[in-house]
Amino acid sequence: MDWGIRNRLSRIFQPQDGRTLMLAVDHGYFLGPTTRLEDPRKTITPLLPYADAIMLTRGILQTCVDPTATVPVVLRVSGGATIVGRDLANETITTSVRDAVRLNASAVALSIFVGSDYEHQTLANLARLIDEATPYGIPVLAVTAVGKELEKRDARYLALACRVAAELGAHFVKTYYCEDFEKVVGGCPVPIVIAGGPKLESDMDVLRLAYDALQGGAAGLDMGRNIWQHDHPVAMIRAIRAIVHEGATPRQAYELLQDLTQASASVGRV
Ligand code: 5RP
């Protein structure tokens with residue numbers, strides 16, 4: 001693999017264990033000012049020290065992240081549809097590779113909607129982005145998006161979508177955790193990171209999801225709402241980080257979460 005691609009990937013996937021904890025804050029590109037991400041700077045800033053990379057659009061990067069921040073940027077470069085529009089899958093490439101270079105992105109990210117009316121269009125977007133980004137040594141993250149059809153998230157569908165992304169040349173793939181997740185990983189020759197999805201019912205559910213995904217072969221997480229919609233987002237990201245990089249079990253991470261939450265009670269919300 002090209003030196004530039006490997007170098008940028010090693011900023012995202014920590015060389016000591018090959019894993020990553022990415023913080024996803026790109027939701028506004030189709031959801032608008034979603035709950036607890038209304039003021040992105042306020043949400044993002046306290047979490048940055050605990051994230052291996054941050055996934056967001058150029059607009060939020062430029063307005064809400066200090067340019068002196070050293071966190072690697074995974075730049076969302078697809079969009080063009082919203083939650084109130086006709087079809088969330090109708091995406092195009094919204095940010096050029098030239099602009100990704102200007103913003104010093106460590107990777108670019110684009111959604112594909114396999115099985116949707118826009119399957120061909122979004123797969124063609126991915127192929128074009130890979131053709132354009134690879135000569136600059138910029139890795140491409142393919143996101144296997146399902147739009148509003150959350151029930152699509154089973155191993156048969158996700159294995160197909162991840163494999164198609166890898167076949168087109170994606171350098172890593174973001175998908176969902178599911179039953180028989182090993183089948184998804186087994187059919188995908190590039191690293192997989194896992195989205196958290198909508199906020200889960202309990203903290204233990206989130207920690208188990210993180211743990212099970214990694215045990216099942218994921219190379220990391222790219223999580224959003226289950227971190228920053230938590231009442232104690234810093235405590236939550238630190239607990240998840242313990243699972244990703246320190247070998248913590250869900251129970252150990254839960255205890256850490258409790259300790260951090262209690263410790264913060266006297267000094268304000270973390
Ligand atoms: C949307 C995305 C989001 O970044 C992704 O869903 C991760 O966030 P969450 O953990 O909140 O699901 O790629 O297409």
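We count ligands from 1, going down the list as the structure has it; atoms in each ligand are counted the same way. Each residue takes its place number in the sequence, starting with 1.
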Measure the distance from atom 8 (O) of ligand 1 to every protein heavy atom, then report the residue, atom name and distance (to 0.1 Å) of the closest one.
-> H27 NE2, 3.0 Å
Check whether any N or O atom of R76, backbone or side chain, sits under 3.5 Å from an N or O atom of ligand 1, and answer yes or no.
-> yes
R238 and D259 ion-paired at < 4.0 Å | no
Taking the six-membered ring of Y50, is the NZ or CZ of R241 close enough (under 6.0 Å from the centre) and on axis enough (within 45°)?
-> no
Which of the ligand 1 atoms, numbered from 1, are nearer than 4.0 Å to a heavy atom of A24 = 4 (O), 7 (C), 8 (O)
Are the side chain of T144 and the backbone N or O of L158 linked by a donor-acceptor pair below 3.5 Å?
-> no
For V143, take its heavy atoms, then give the atoms of ligand 1 lying under 4.0 Å from any of them.
-> 13 (O)
Part of D222 with heavy atoms under 4.0 Å of ligand 1, whether side chain, backbone, both or neither | backbone
What do you reckon, is NZ of K199 surrounded by more than 12 foreign heavy atoms closer than 6.0 Å?
-> yes
F30 and L126: same hydrophobic cluster, using ILVMFWY side-chain contacts below 4.5 Å?
-> no
Is A145 in polar range of ligand 1, meaning some N or O pair under 3.5 Å apart?
-> no
Which option, T34, L37, L23, D26, owns the non-hydrogen atom nearest atom 4 (O) of ligand 1?
-> D26
Can D99 and R102 be counted as an ion pair, charged N to O under 4.0 angstrom?
-> yes
If we only count N/O pairs under 3.5 Å, is G224 in contact with ligand 1?
-> yes
Taking atom 7 (C) of ligand 1 as the point of reference, which of M55, K174, M22, R225 owns the nearest heavy atom?
-> K174
Indicate yes or no: does an N/O atom of N226 lie under 3.5 Å from an N/O atom of ligand 1?
-> no
Do F181 and Y176 pass the ring pair (Phe, Tyr, Trp, His ring centres under 6.0 Å) test, and can you show the C-alpha distance, the side-chain angles, and the key distance before you say yes or no?
-> CA-CA 9 Å; F181 181 65; Y176 292 97; over 10 Å; no
